[in-house]
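Some notes on the structure that comes next.
One-based numbering along the sequence shown. Atoms within a ligand are numbered from 1 in the order they appear, just like the ligands themselves.
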Amino acid sequence: MAYHITKAVIPAAGLGTRFLPATKAIPKEMLPVVDKPAIQYVVEEAVRAGVPDILTITGRSKAALEDHFDRHWELERALEKKGDEKRLKRVRKSNDLGDVHFVRQGEPKGLGHAVLIGKNHVGDEPFAVLLGDDLIDEGDHLLEEMIEAQLKHGGSVVALMEVPAEQINLYGCAEVEQIDGETSGVVRVKGLVEKPSPEEAPSNLAIIGRYVLDPSIFAVLEKTEPGRGGEIQLTDALAERASATGEGAGVIGVVFRGSRYDTGDRLDYLKAVVRLGTRHNEFGSDF
Ligand code: UTP
């Protein structure tokens with residue numbers, strides 16, 4: 001199905017401090033999950049959802065990301081010479097995916113700031129944002145559902161997931177209400193708060209790493225002051241959009257009930273490797 005969203009921004013400029021020392025010299029998005037770096041799953045997901053134009057926001061020591069989506073002639077030639085078609089196909093797959101562009105953030109001033117870097121590339125149309133370290137199971141169609149919700153309701157769309165109350169302080173949290181005539185999985189977001197304490201949290205619905213944003217978010221981000229942690233928070237800009245009216249305002253939540261892994265978190269990363277490893281078509285059963 002062809003959708004109206006053609007551009008995606010993948011923020012991948014964070015420092016990855018939770019995974020040190022593994023991420024001292026290697027970007028966390030390049031850590032392998034079975035046999036592909038995490039970011040390749042994310043790019044594949046965008047392409048599967050019909051979004052071929054991808055802008056990746058990178059930073060210092062993230063050159064490996066650019067190399068991964070570029071051609072590797074020497075490697076291809078060596079495999080061609082050997083007649084190793086199978087591995088040749090695997091190595092080419094990463095540079096045959098969509099149209100992947102790169103721009104640097106300069107300084108990691110927060111997720112909101114990283115998204116704002118995409119302004120000129122995106123222009124004046126709704127666009128998708130996929131966090132480069134957040135994996136959504138291949139069998140789920142979260143991004144497609146969010147794109148459909150954006151088409152139907154307009155404004156911006158966030159992905160929400162129920163988390164245990166004691167973990168809500170790790171996420172942006174949404175206050176929501178049902179929409180007449182909608183399924184329970186599509187809700188209106190009335191308010192958002194970044195990393196609240198369990199007592200302050202308006203719900204147990206956490207924002208996870210997929211968004212479909214109206215371009216009016218850029219003007220809001222330009223005015224958003226650094227918030228929690230001294231960073232420009234996307235959640236703060238979305239909170240403004242949720243309470244605003246007029247062109248491009250309003251925020252919808254799509255509640256995700258599938259599998260999601262934050263590969264920047266060591267435990268979640270290990271779970272992703274084990275679950276995807278056991279399902280691998282070549283060696284899953286042995287593993
Ligand atoms: P995280 O909250 O995972 O932060 O960022 P982090 O700095 O990457 O990692 P830790 O917490 O130190 O381990 C959420 C997303 O926003 C991107 C990250 O790359 C990740 O995809 N991000 C964050 C940026 O692109 N730029 C920033 O300035 C901050």
Practice item. Kindly tell me which protein residues have any non-hydrogen atom under 4.0 angstrom away from an atom of ligand 1, grouped by chain and ordered by number? Key: Pro11, Ala12, Ala13, Gly14, Leu15, Gly16, Thr17, Arg18, Lys28, Glu29, Gln105, Pro108, Lys109, Gly110, Leu111, Ala114, Leu131, Gly132, Asp133
**Study point:** Salt-bridge criterion met for Arg18 and Asp262 (N-O under 4.0 Å)
**Key:** yes
Practice item. Examine Tyr269 together with Phe19 and report whether their ring centres are nearer than 6.0 Å. Key: yes
Review point. Are the ring centres of Phe218 and Phe127 closer than 6.0 Å?
Key: yes
Check your understanding: Distance-only, no hydrogens or angles: does the Thr23 side chain make a donor-acceptor pair with backbone N or O of Gly16 under 3.5 Å?
Key -> yes
Check your understanding: Within the side chain of Glu200, is there an N or O that forms a donor-acceptor pair under 3.5 Å with the backbone of Ser197?
Key -> yes
Practice item. Can you establish whether the number of heavy atoms outside Arg104 located under 6.0 Å from its atom CZ is more than 12? Key: yes
